[in-house]
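All chains are named by letter (A, B, ...) in the order of the sequence lines, taking the proteins before the strands, and each is independently numbered beginning at 1.
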2 protein chains.
Amino acid sequence: MGGENERLAAADDPVARVDALRPAQLDRTLGFLISMARQFIHRGFVQRFAEVDLTPNLYSILALLEANGACRLSDIGAALGILQTNLVKRVDELVERGFVTRQADPVDRRAKALVLTPAGRDFLVRLHAIHDEWEAMLVQRLGTDDHQLLLALLQKLLFGERLDGEPDHPPALLDED
Amino acid sequence: MGGENERLAAADDPVARVDALRPAQLDRTLGFLISMARQFIHRGFVQRFAEVDLTPNLYSILALLEANGACRLSDIGAALGILQTNLVKRVDELVERGFVTRQADPVDRRAKALVLTPAGRDFLVRLHAIHDEWEAMLVQRLGTDDHQLLLALLQKLLFGERLDGEPDHPPALLDED
DNA sequence: TATTGTTATACTCTATAACTATA
DNA sequence: TATAGTTATAGAGTATAACAATA
């Protein structure tokens, strides 16, 4: 009978391959490959975080609060590249679920200090475990050297150069400019 | 007056930096960096393709049709990692705008052959120019060597290994498994 | 029974405009 | 005048379920 039609690719499969069709020159461009890689990685996170009914995006907000203590909405937006206006409802959800509270900012009465609750801090232990599991799977796919190299190249693309030097890796490829 | 509040970062800026806040360990993970890199690259494409009222996604569909002649919907979905069900309306738009036609598939009467129109082929000349301009900007940011290396690493992540070898680059980092 | 294309639907993410209360 | 948070809204993108025609 009709029923459930299309399903996602089996669990952690490599994503759709560009095999069936000639890939134009798409598989030679950063735009296409980054998009496909992000899709692949993102789906893995979504499937794993579904167990705790959380989106990878919300995880990154909580992780940021854990590492920074009290934050303002604008800080989080700037750090994650998300517009403030799109953060309000997500923080609403985190507040409703008891992971975050909005407190008065003592200095600026316009602002509100976002802080993790103890429940949120406990929750993060589980979230880090889920995150690390999938990240480890990706490291295994690439090998540790290529994983580090990929991180460094993405940092260079985003920030101009590596943020913190790990000087024990081949630097020759990284400081041409 | 109130007026326009939040705007996107100035044109082709590096994206939000993780400076203001301690980045947790996010900037050490593939999940975060790929997501940020994709966001950065995608915004550049969106801004440039806006001039022709096209989404990068639709561009990749057209490019695929150009390189492959007649395609079925399922082929395109498999190549781009998009569910068929989400392709219907996008192809509808391309048909309405005169870039694509749906023809009868001679072999399989369920299927429909998607083919570029001459107008679609002409349009692609302009689209490739727009695409190449932004891609060149990214190459400049990275340097050609690191650009090639990044492509290779993303291919390894997605497909297991490089699709086509360019044997004139340092291979040592690529074939550990 | 399975596959091709399709409609309907829902949820997430992103983006713009405009309001409020502070600064 | 500008900034922090907010609301409302619109558009992409992605997911599931179900159906008709065909294989």
(message) Closer than 3.5 angstrom, by distance alone: can the side chain of A/E135 be matched with the main-chain N or O of B/L30 as a donor-acceptor pair?
(response) yes
(request) State yes or no: do B/F159 and A/V139 share one hydrophobic cluster built from I, L, V, M, F, W and Y residues joined by side-chain heavy-atom distances below 4.5 Å, directly or via other members? (result) no
(message) Please list all pairs meeting salt bridge (Lys or Arg N to Asp or Glu O under 4.0 Å) that have one or both residues in residues 107-116 of chain B, counting only residues at least two apart or in different chains.
(response) B/R72-B/D108, B/D108-B/R110
(request) Could you label the plane-to-plane angle of the A/H131 and A/F45 rings as parallel, tilted or perpendicular, counting under 30° as parallel and over 60° as perpendicular? (result) parallel
(message) Measure CG/B/L87 against P/D/dT14 and give the value in whole Å, please.
(response) 9 Å
(message) Between C1' on D/dA4 and CG on A/L114, what's the gap in Å once rounded to a whole number?
(response) 11 Å
(request) Only counting residues at least two apart or in another chain, list the ones meeting ring pair (Phe, Tyr, Trp, His ring centres under 6.0 Å) with B/F123. (result) B/F99
(request) Take atom CG of B/D105 and atom P of D/dT22, then tell me their distance rounded to the nearest Å. (result) 13 Å
(request) Report yes or no: do B/Q47 and B/R43 form a side-chain donor-acceptor pair below 3.5 Å? (result) no
Identify all pairs in which a protein N or O lies below 3.5 Å from an N or O of nucleotides 21-23 of chain C, and state each distance.
from	atom 1	to	atom 2	distance (Å)
C/dA23	OP1	A/R109	N	2.9

(request) For side chain to side chain contact (heavy atoms under 4.5 Å, CB included), just list the numbers for B/V95 and B/V91, CA-CA rounded to whole Å, side-chain angles, deciding distance to a tenth of an Å, and then say yes or no. (result) CA-CA 6 Å; B/V95 169; B/V91 171; 4.1 Å; yes
Taking only nitrogen or oxygen atoms into account, show me every contact under 3.5 Å that the protein makes with nucleotides 12-14 of chain C, one pair per line with its distance.
from	atom 1	to	atom 2	distance (Å)
C/dC13	OP1	A/T55	OG1	2.9
C/dT14	OP1	B/Q39	NE2	3.3

(request) Can you tell me the distance, in whole Å, between the CD1 atom of B/I61 and the C1' atom of D/dA12? (result) 13 Å
(request) Tell me which nucleotide among D/dT7, D/dA17, C/dG5 gets nearest to the side chain of B/L73. (result) C/dG5
(message) Nearest whole Å is fine: how far is D/dT16 P from B/Q84 CD?
(response) 14 Å
(request) Return the value, rounded to whole Å, for the distance between atom NZ of B/K112 and atom P of C/dG5. (result) 8 Å
(request) In whole angstrom, give the distance that lies between atom CZ of A/F40 and atom C1' of D/dT14. (result) 17 Å
(request) Could you check how far CG of B/L54 sits from P of D/dG11, rounded to whole Å? (result) 16 Å
(message) Going by ring pair (Phe, Tyr, Trp, His ring centres under 6.0 Å), name the residues that satisfy it together with B/H128, two or more places apart in sequence or in a different chain.
(response) B/Y59
(message) List the residues meeting side-chain contact (heavy atoms from CB on, under 4.5 Å) with B/E93, not counting sequence neighbours, and say none if there are none.
(response) B/L58, B/R97
(request) Looking only at side-chain atoms of A/S74, point me to the closest of C/dT16, D/dA4, C/dT9. (result) D/dA4
(message) Taking 4.0 Å as the cut-off, does a side-chain nitrogen or oxygen of B/K89 come that near to OP1 or OP2 on C/dA8?
(response) no
